[in-house]
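Notes follow once the structure below has been shown.
Treat the numbers as computed from the prediction; the structure is a model and nothing was measured. To find a chain, count down the sequence lines: A is the first, B the second, and so on, and within it residues start at 1.
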2 protein chains.
Amino acid sequence: MALPVRKSSVEFPPNCPLTECMAMLRGAWAPNVIWYLSGGPRRFGELRHDIPRISARVLSARLRELESRGIVVRRLVDSSPPSAEYDLTELGRELIPAIKSLAAVGTKLKLRAVSC
Amino acid sequence: MALPVRKSSVEFPPNCPLTECMAMLRGAWAPNVIWYLSGGPRRFGELRHDIPRISARVLSARLRELESRGIVVRRLVDSSPPSAEYDLTELGRELIPAIKSLAAVGTKLKLRAVSC
DNA sequence: TTGAGTGGTAACCAACTGGATACCACATTT
DNA sequence: AAATGTGGTATCCAGTTGGTTACCACTCAA
């Protein structure tokens, strides 16, 4: 006889907050941008330097997305020529421990990939 | 005068483990699948029931990816008709705290989205 | 006046992704 | 023999994504 379908032992709030958070992290380089901002405020050009393979187009898109979601703030710096500085918000900083955990798992994934 | 480019205060190991981990989580529904498996072993059909909007095609793809990375194990159940059960590996379980943190941030993202 | 350095944007395009639909093999139940 | 319930796969296709390239406005130094 076919097995009964068991009720799930875990629940998911409607309109899933995990999906919401992942929508923010799914874009290319998004976790990397957050990672580098975790070291303190960073200018556009500095981020391009931190993440050499990111294009200006994508970096710009990511920063605006993160800004619109309240993860990052943009601040104009009154230098010459004027410059823009990006920083994590308080909410953005709450992502750091999670991202560190993910990186830790990533390390083990790589080890496994080598040994198999 | 132009601002100097500051050295980043955070470093990234070469061939980034965070990127590695995100490659695994980026696929559609991947975090949700892991979330539901965190409640214990789950069959293909049960997962489809847990995540109603996922297609068989994508669920199948996600499970095989997660299996090939050592996050999930597939076990044949000797029932009739035969059934397949998926379970998190030990490494897979290490993702749970990170995913819970992400969901917590996701909740605050939604609150912010409503109030702004 | 020209050039470099700031922080971007616009247009184009190939590749990837995932949704929908149809379909399959197999084992039981009816 | 037919229907149902397992766990999928094959094919098609439209939408999204992000890389590339070119370009822009502005400020200051040479």
Side-chain angles (χ1 to χ4, degrees), chain A residues 1-6 8 16 18-19 22-34 36-37 41-69 72-87, chain B residues 1-8 16 19 22-34 36-37 41-69 72-87:
Chain A
M1 190 181 95
L3 299 173
V5 174
R6 299 164 288 189
S8 173
C16 171
L18 179 53
T19 301
M22 285 307 297
M24 187 192 68
L25 294 181
R26 186 158 351 235
W29 308 108
N32 306 70
V33 168
I34 295 168
Y36 278 107
L37 288 179
R42 210 82 180 125
R43 282 177 284 120
F44 191 89
E46 290 175 323
L47 287 170
R48 287 201 73 181
H49 184 261
D50 293 338
I51 315 171
R53 300 171 37 137
I54 199 174
S55 65
R57 179 186 176 286
V58 168
L59 177 55
S60 176
R62 274 318 81 82
L63 287 169
R64 298 202 183 283
E65 282 169 22
L66 293 173
E67 192 188 1
S68 79
R69 290 178 197 269
V72 153
V73 281
R74 182 180 129 104
R75 181 170 49 249
L76 279 176
V77 179
D78 188 18
S79 57
S80 59
S83 186
E85 199 171 63
Y86 296 88
D87 200 358
Chain B
M1 192 179 97
L3 298 172
V5 174
R6 297 164 290 188
K7 184 172 182 313
S8 173
C16 171
T19 300
M22 286 306 297
M24 186 192 70
L25 294 180
R26 180 159 305 143
W29 306 109
N32 306 70
V33 168
I34 295 168
Y36 279 106
L37 287 180
R42 211 82 180 124
R43 283 178 282 119
F44 191 90
E46 290 174 324
L47 287 170
R48 288 202 73 180
H49 184 261
D50 293 338
I51 313 171
R53 301 171 36 140
I54 199 174
S55 66
R57 179 187 177 284
V58 168
L59 177 56
S60 176
R62 275 317 81 83
L63 288 169
R64 298 199 184 285
E65 282 169 21
L66 294 173
E67 193 188 1
S68 79
R69 290 179 197 268
V72 152
V73 281
R74 178 182 196 264
R75 182 171 46 250
L76 280 175
V77 178
D78 188 19
S79 57
S80 59
S83 187
E85 198 170 64
Y86 296 89
D87 200 358

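Taking atom CZ of B/R6 as the reference point, atom P of C/dT6 lies 12 Å away to the nearest angstrom. If you measure from atom CG of B/L63 to atom P of C/dG18, you get 14 Å, rounded to the nearest angstrom. As a whole-Å value, the separation of A/L59 CG from C/dA10 C1' is 17 Å. Summarising the geometry, the separation between CZ on B/R43 and C1' on D/dG7 is reported as 11 Å, rounded to the nearest angstrom. We find that CZ of B/R26 is positioned 7 Å from P of D/dG18, with the value rounded to whole Å.
Checked against D/dG8, C/dG8, D/dG18, the side chain of A/A28 finds its nearest nucleotide in D/dG18. Relative to the side chain of A/S60, the nucleotides D/dG7, C/dT9, D/dG8 differ in distance, and C/dT9 lies closest. Considering only the side chain of B/P82, C/dA27 comes nearest among D/dT6, D/dG8, C/dA27. Which of D/dT27, C/dT9, C/dG7 sits closest to the side chain of A/R64 comes down to C/dT9. Comparing atom distances between the A/V5 side chain and each of C/dG18, D/dT9, D/dT6 picks out D/dT6 as nearest. Picking from D/dG18, C/dG8, C/dG19 the nucleotide with the shortest atom distance to the side chain of A/V58 gives D/dG18.
In this structure, A/W29 does not reach the D/dT17 phosphate: none of its side-chain N or O atoms is under 4.0 Å from OP1 or OP2. An OP1 or OP2 oxygen of D/dT6 is reached within less than 4.0 angstrom by no side-chain nitrogen or oxygen of B/S83.
If you check every strand for non-hydrogen atoms under 4.0 Å, B/R57 touches a base. Using a 4.0 Å heavy-atom distance criterion, A/R48 is classed as making no nucleic acid contact. Note on B/R74: only backbone sugar-phosphate atoms sit closer than 4.0 angstrom, heavy atoms only; bases stay farther off. Within 4.0 Å of A/S55, counting heavy atoms only, lies at least one base atom of the nucleic acid.
Remark: the backbone N or O of B/E65 is paired with a side-chain donor or acceptor of B/S68 at under 3.5 angstrom. Judged by distance alone, the side chain of B/R42 and the main-chain N or O of B/Y86 form no donor-acceptor pair under 3.5 Å.
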- Begin from the C-alpha positions of B/L47 and B/I54 and carry the test side chain to side chain contact (heavy atoms under 4.5 Å, CB included) through to its verdict. CA-CA 9 Å; B/L47 287 170; B/I54 199 174; over 6 Å; no
